[in-house]
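Below is one structure; the comments refer to it alone.
Residue numbers start from 1 in every chain, and the chains themselves are labelled A, B, ... in the order their sequence lines are given, proteins ahead of strands. Values below: every heavy atom of this structure, side chains too, minus hydrogens, waters and symmetry copies.
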Amino acid sequence: MKKTRLERPFYSRPTLVVARELLGKYLIIGNQIGQIIETEAYLGPEDRASHARFKSRKRNYLMFGQAGIAYVYFTYGMYHMLNIITEKEGQPGAVLIRALKPIQNIDGDTSGPGKLTRTLNITKLQNGLDVTQNSLYLEKWEDISNAVVLTTPRIGIDYAGADKNNPWRFLIKS
DNA sequence: ACCCCGATCGTA
DNA sequence: ACGATCGGGGTT
């Protein structure tokens, strides 16, 4: 299949659509490649689990900006989380990359959101990076059929009230 | 200055 | 299911 970098129009769509369609895509960092096998959608201010429920501040301001930008934040005192911003500019949203299947030059565990950033050395240095213009980017690959996609509630957001039940986690069945 | 929380992870 | 862990955001 032809390799094609995902461009801004791909990301400038509703967050749930982007989260679903990122399944199966290749995440590329230099010579390292991993296939995205798990994502979560974080929506706008109405989503009580999303960082967009807060006013735009130092940590979360990227969520309110242009799509196709990497949003990397630090949590639990030890983990970085990799997200890609979605939606039209001014409308907040992001997709959390939660797990990768190693494809090339990946030496380490990429089976969780904290583990994959650790393995790939993704830190706040990549926060704000435009993935349509950089050596960290995503590539079109095989399409994943609905038959092998599983949706569940999101992980680690028990504080989010009714929003904790929304089935906004997407996985490829293995 | 201080307090408290967390988009996790490893172990059980 | 639960505890470890600790940076940093929000507030004082």
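Side-chain contact annotation: A/R98 with A/T39, donor-acceptor N/O pair under 3.5 Å absent. A donor-acceptor contact closer than 3.5 angstrom links the side chains of A/E87 and A/T15.
Contacts of A/I157 with the nucleic acid, taken as non-hydrogen atoms under 4.0 Å apart, involve only primed sugar atoms and P, OP1 or OP2. A/F54 comes within contact range of no nucleotide atom at all, as no heavy-atom separation falls under 4.0 Å.
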Can you check nucleotides 4-9 of chain C for protein contacts, nitrogen or oxygen pairs under 3.5 Å, and list what you find?
from: C/dC6; atom 1: O2; to: A/G77; atom 2: N; distance (Å): 3.3

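In terms of the side-chain contact (heavy atoms from CB on, under 4.5 Å) criterion, residue partners of A/F54 (sequence neighbours excluded) are, by chain and number, A/R59, A/N60. With sequence neighbours excluded, the residues forming a side-chain contact (heavy atoms from CB on, under 4.5 Å) with A/N127 are A/L62, A/Y71, A/V72, listed by chain and number.
For the pair A/N83 CG and B/dA7 P, the interatomic distance rounds to 10 Å; values are reported in whole Å. Atom NZ in A/K55 sits roughly 8 Å away from atom P in C/dT11 (whole-Å rounding). Following rounding to the nearest Å, A/D158 (CG) and C/dC2 (P) show an atom-to-atom distance of 12 Å. Taking atom OH on A/Y42 and atom C1' on B/dG6, their separation rounds to 11 Å, with Å as the unit. Between A/R53 atom CZ and B/dG6 atom P the separation is 7 Å, expressed in whole Å. One atom, CD of A/E38, and another, P of B/dA7, lie 16 Å apart when rounded to the nearest Å. When the P atom of B/dG6 is taken as reference, atom CG of A/L96 falls 16 Å away, rounded to whole Å. In this structure, CG of A/L116 is placed 8 Å from P of B/dC9, rounded to the nearest angstrom.
Where A/V95 and A/D109 meet DNA chain B, the nucleotide closest to each residue was compared, and A/V95 sits on the side nearer the 5' end.
The pairing partner recorded for C/dT5 is none, the criterion being a Watson-Crick or G-U wobble arrangement whose two distances lie under 3.5 angstrom. In this entry B/dA7 has no Watson-Crick or G-U wobble partner, no candidate having both defining distances under 3.5 Å.
Cation-pi check for A/R57 over A/Y61 is not met; the charged atom does not lie both under 6.0 angstrom from the ring centroid and within 45 degrees of its normal. Remark: A/R154 qualifies as a cation-pi partner of A/Y42 under the 6.0 Å distance and 45° angle criteria applied to the six-membered ring.
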| message | What verdict does the salt bridge (Lys or Arg N to Asp or Glu O under 4.0 Å) test give for A/K115 and A/D109, after you've listed the backbone C-alpha separation in whole Å, the side-chain angles of each residue and the deciding distance to 0.1 Å? | response | CA-CA 6 Å; A/K115 292 189 277 193; A/D109 197 337; 3.4 Å; yes
